[in-house]
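What follows is a short report on a single structure.
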Amino acid sequence: MQWNDIVGHEQIISNLRTMLETDHLPHALLFFGMEGIGKALTAKMLAMALLCNAKNRPCGECPSCQAFIKGTHPDFFLLEPDGKTVKMIKIEQLRQMQADISLAPYLSDKRVVIIDGADKINETAANALLKTLEEPVGNIYFILTANNKEKVLATILSRCVNIYFSLLDNEAVMNILQKKEIAAGAASKLADLSGGSIRQALTLYENNGLENRDMAFKFLKDVFIYSDENIWQITDVLLKFKREQLNEWIFYLQMFWRDMIILYNKDNIKLYNSDMNDELIEQKYIWNLQQIFMAVEYSQIAEQRLMSNADMRLIIEEFILKLRNLK
Ligand SMILES: [Zn+2]
């Protein structure tokens, strides 16, 4: 683990390192910004550096760094949301942390606590955290992360120095994907579709998102000429999808329609599927605006019904039938 492993956020990293070296790092920090852009990674790197006593921190070799890498550092505490259905940071986790930090540090001269999900903390636990932030024991640093700053208790926000992590640009996302040995062509498309979140890009990759999108586009091109039999066949294929993939397939359709509306309005907005500009312009000759708006509405109805326990085959067939009948 090195500072260089973090892609993007150069200014933040540089500021943090300067504060670290000049011993001006605030004792409570909150990193906020979209999910999957490197907040937790930066928090961990900073924690490792804080605990290391070498000149060039983190050195990666001293007993403290070694323990940190192994995940056994006695002066480092990581709290993450926990639970089977709704993941939250609970009061028990807070109490355990409070008990742990009341003892003297073992390996370093300080302790570091990361709360990875300060926006996913129930009220009792949040109040306990607030108390710990207000009355810290000994030399201790708190690094909080939150995807959704609005969901963090205002009193906690005001106790921390808030640092905003912006979305990654396409190039940064591509860099990370290529480090993971994803081919350049796919990496570039995934980066385009990621909305600046590396996690979103990887989810797309793992769920065969690009294939799914291709399939959605083929569907969009052909749906007006589907026979009843075609509709049964495509429904069979879609029924084999995981729920997540099915939602994604609908999402891609919606993004195609959205892009076509942008093309109709000649808005100066970047297309979601910017790599498919020409194909989408072709579709403009097949879909008129009225049909597109109706299609979006049908897709939203289908989406909602898929969240209920209604029969999936029925929902999908009806959705496709309504689209075909727009012709
Ligand atoms: Zn070290």
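For this chain, numbers begin at 1 and follow the sequence in order. In each ligand, atom 1 is the first atom listed, and ligand 1 is the first ligand listed.
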Side chains of residues 44-64: which donor-acceptor partners sit under 3.5 Å, not counting sequence neighbours?
| unit_1 | atom_1 | unit_2 | atom_2 | d |
| --- | --- | --- | --- | --- |
| R57 | NH2 | L20 | O | 3.2 |
| S64 | OG | L51 | O | 3.1 |
| S64 | OG | H73 | NE2 | 2.9 |

Fill in: Trace of the ring pair (Phe, Tyr, Trp, His ring centres under 6.0 Å) decision for Y298 with F319
CA-CA 6 Å; Y298 294 154; F319 171 50; 7.6 Å; no
Worksheet item: Any side-chain heavy atom of K110 within less than 4.5 Å of one from Y141?
Response: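 Result yes, sub-4.5 Å side-chain heavy-atom pair found.
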Under 3.5 Å donor-acceptor pairs involving side-chain atoms of residues 185-196, not counting sequence neighbours:
| unit_1 | atom_1 | unit_2 | atom_2 | d |
| --- | --- | --- | --- | --- |
| D192 | OD1 | N170 | ND2 | 2.7 |
| D192 | OD1 | K270 | NZ | 3.4 |
| D192 | OD2 | S274 | OG | 3.3 |
| S194 | OG | A191 | O | 2.8 |
| S194 | OG | G196 | N | 3.1 |

Under 3.5 Å, which donor-acceptor pairs do the side chains of residues 218-229 form with other protein atoms, sequence neighbours left out?
| unit_1 | atom_1 | unit_2 | atom_2 | d |
| --- | --- | --- | --- | --- |
| K218 | NZ | D222 | OD2 | 2.8 |
| S227 | OG | E229 | N | 3.4 |
| S227 | OG | N230 | N | 3.1 |
| S227 | OG | N230 | OD1 | 3.1 |
| D228 | OD1 | R324 | NH1 | 2.8 |
| D228 | OD1 | R324 | NH2 | 3.2 |

Discussion item. Is it true that N147 and K39 share a donor-acceptor pair across their side chains at a distance under 3.5 Å?
Written reply: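 Yes.
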Worksheet item: Around the Zn ion (ligand 1), what protein N, O or S atoms are found below 2.8 Å?
Response: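 Listed by chain and number, the atoms are C52 SG, C59 SG, C62 SG, C65 SG.
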